[in-house]
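The structure under discussion appears below in the form of structure tokens.
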There are 2 protein chains.
Amino acid sequence: MNIGDVSRQSGLPAKTIRYYEEIGLITPQRSANGYRVFREQDLHKLAFIGRARALGFGIEDCRGLMKLYEDTDRSSAEVKQIAEEHLTEIDRKIVELTGMRQTLTRLVHACAGDDRPDCPILADLSAPPAI
Amino acid sequence: MNIGDVSRQSGLPAKTIRYYEEIGLITPQRSANGYRVFREQDLHKLAFIGRARALGFGIEDCRGLMKLYEDTDRSSAEVKQIAEEHLTEIDRKIVELTGMRQTLTRLVHACAGDDRPDCPILADLSAPPAI
DNA sequence: ATAAGGCTTCCAGTGACTGTAAGGTCAAGA
DNA sequence: TCTTGACCTTACAGTCACTGGAAGCCTTAT
């Protein structure tokens, strides 16, 4: 299977698939003309990576998870630890974004958004009130 | 004022302040020995940028907001539009992260996290159930 | 005089791609 | 047979907002 078909099947851009090969996540074979040839196991790996990425895991986490997946002697504790650390990071980001959202929502609501120059948003950025 | 003092006052790393000069956000003067000399207005700008960045605005948004701040003929509508677009983006990220969090929480709870290899997390990454 | 600390520039690296250019390969149709 | 167009290849640069490090000048205190 060529990279175009794999791209369509996996939903990953061909560029991304080449990149994953470059960093050693997958190692497709090559045909005589130099084209990459993907087998079932490559497709499976790409789907695995795609789903892990969609859950926000970083590339190195994906590498680790794939390694654990292939190691049938792993302990589920190792997997769970990676996932829990990632979950903590997600929670941290949500908290950070929620704080931004709260402040920004307040400012946007306070701003008339008309032709006049008076703007609580700029006023706050310039010198926020001590709350 | 030298860059070290400005860094301590603003809470921004000196590296970051130099970077902000490089991309034209601030233009501190120079003393005879080549050191950057920061005036009150530079401090004010850096504080403005710092707060906008803390609300998640990108550098180009910061540039635009500063330009509007300095233009006393602006309309608050222009400011509000930038803020609202950013707010939409923040909401999008929160939704994305919340979805990840939900799936990941479910998987982490389903995983025993012990010495055995059975792991619902890897099972889901490998072939998620059609929900 | 020297040592410590602060300042300078320049270059490279981060993460995870993405864009672009220049060119080789293949299958179908005129 | 030729050509067109779709597909593939590599290599290099760019993204975003810094961050790290090296090499070297400047200042201040001892």
Side-chain angles (χ1 to χ4, degrees), chain A residues 1-38 42 45-46 48-66 82 85-86 89-90 92-93 96-97 100, chain B residues 1-38 42 45-46 48-66 82 85-86 89-90 92-93 96-97 100:
Chain A
M1 213 195 251
N2 283 353
I3 200 166
D5 307 301
V6 176
S7 172
R8 273 179 292 277
Q9 270 208 27
S10 66
L12 297 168
K15 269 279 189 197
T16 300
I17 298 170
R18 289 193 196 99
Y19 171 69
Y20 287 165
E21 182 192 18
E22 191 186 325
I23 62 174
L25 283 184
I26 52 169
T27 48
Q29 297 183 305
R30 297 286 178 139
S31 68
N33 61 15
Y35 287 18
R36 286 168 184 81
V37 176
F38 295 83
D42 299 310
K45 275 192 181 183
L46 284 172
F48 186 102
I49 297 165
R51 280 187 287 265
R53 293 286 300 125
L55 287 177
F57 285 103
I59 289 288
E60 289 317 308
D61 276 348
C62 291
R63 201 190 298 275
L65 289 168
M66 277 218 311
I82 294 176
E85 280 169 13
H86 180 45
E89 182 62 17
I90 285 177
R92 198 195 56 71
K93 283 182 186 163
E96 185 185 1
L97 286 168
M100 290 178 185
Chain B
M1 216 196 256
N2 283 352
I3 200 166
D5 308 300
V6 177
S7 172
R8 273 179 291 276
Q9 270 209 28
S10 66
L12 297 168
K15 271 276 191 198
T16 300
I17 298 170
R18 289 193 197 99
Y19 171 69
Y20 287 165
E21 182 192 18
E22 189 186 327
I23 63 174
L25 283 184
I26 52 169
T27 48
Q29 297 184 307
R30 296 287 177 139
S31 69
N33 61 14
Y35 285 18
R36 288 168 183 82
V37 175
F38 295 83
D42 299 311
K45 274 191 182 185
L46 285 171
F48 185 103
I49 298 165
R51 281 188 286 265
R53 294 285 301 125
L55 286 177
F57 284 102
I59 288 289
E60 289 317 308
D61 275 348
C62 291
R63 201 190 299 277
L65 289 168
M66 276 218 312
I82 294 176
E85 279 168 15
H86 180 45
E89 182 61 18
I90 286 177
R92 198 195 56 70
K93 283 183 187 164
E96 185 185 1
L97 286 168
M100 291 177 183

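In what follows, chains are A, B, ... by sequence order, proteins preceding strands, each numbered from 1.
- Judged by distance alone, the side chain of B:N33 and the main-chain N or O of B:Y35 form a donor-acceptor pair under 3.5 Å.
- Residues B:A52 and B:C62 share a closest heavy-atom pair of CB-SG, 3.7 Å.
- Atom P of nucleotide C:dA16 and atom CZ of A:R63 are separated by 10 Å, given to the nearest angstrom.
- Of all the heavy atoms in A:G56 and A:H86, the pair that sits closest is O-CE1, 2.9 Å.
- Looking at A:N2 and A:R36, their side chains never come closer than 4.5 Å, going by heavy atoms from C-beta outward.
- Phosphate contact (OP1/OP2 of C:dT25, side-chain N/O of A:R30, threshold under 4.0 Å): absent.
- Distance, B:L46 CG to D:dC18 P: 11 Å, rounded to whole Å.
- Each of A:D42, A:L25, A:L12 was scored for a side-chain contact (heavy atoms from CB on, under 4.5 Å) with A:I17, with one residue passing: A:L12.
- Atom pair A:F57:CZ and C:dC17:P shows a separation of 15 Å (rounding to whole Å applied).
- Relative to the axis of its first five pairs, the axis of the last five pairs of the helix from C:dA1-D:dT30 to C:dA30-D:dT1 sits at 30°, rounded to 10 degrees.
- Side-chain proximity of A:R53 to C:dA16, D:dA17, D:dT9: nearest is C:dA16.
- B:R63 places a side-chain N or O within 3.5 Å of a backbone atom of B:I23 that can act as its donor or acceptor partner.
- Here the C1' atom of nucleotide C:dT8 and the CZ atom of B:F38 are 12 Å apart, to the nearest Å.
- Listed candidates were C:dC17, C:dC7, D:dT10. Nearest to the side chain of B:N2 is C:dC7.
- Atom CD1 in B:I17 sits roughly 11 Å away from atom P in D:dC18 (whole-Å rounding).
- Taking atom CD1 of residue B:I23 and atom C1' of nucleotide D:dG14, one finds them 16 Å apart after rounding to whole Å.
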Practice item. Let me have a per-nucleotide readout for nucleotides 19-30 of chain D, 5' to 3', with B, S or -, counting only protein heavy atoms under 4.0 Å. Key: SBB----BS---
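- Rounding to whole angstrom units, CG of residue B:L25 and C1' of D:dC16 are separated by 13 Å.
- With rounding to the nearest 0.5 angstrom, the NZ atom of B:K15 is 12.5 Å from the OH atom of B:Y19.
- Rounded to an integer number of Å, the gap from CD1 of B:I3 to C1' of C:dG6 is 11 Å.
- A:E85 places none of its side-chain heavy atoms less than 4.5 Å from the side chain of A:E89.
- The two residues B:R30 and B:V37 make their nearest non-hydrogen contact at C-CG2, 4.1 Å.
- Distances shorter than 4.0 Å separate some side-chain N or O of A:R36 from OP1 or OP2 on D:dT9.
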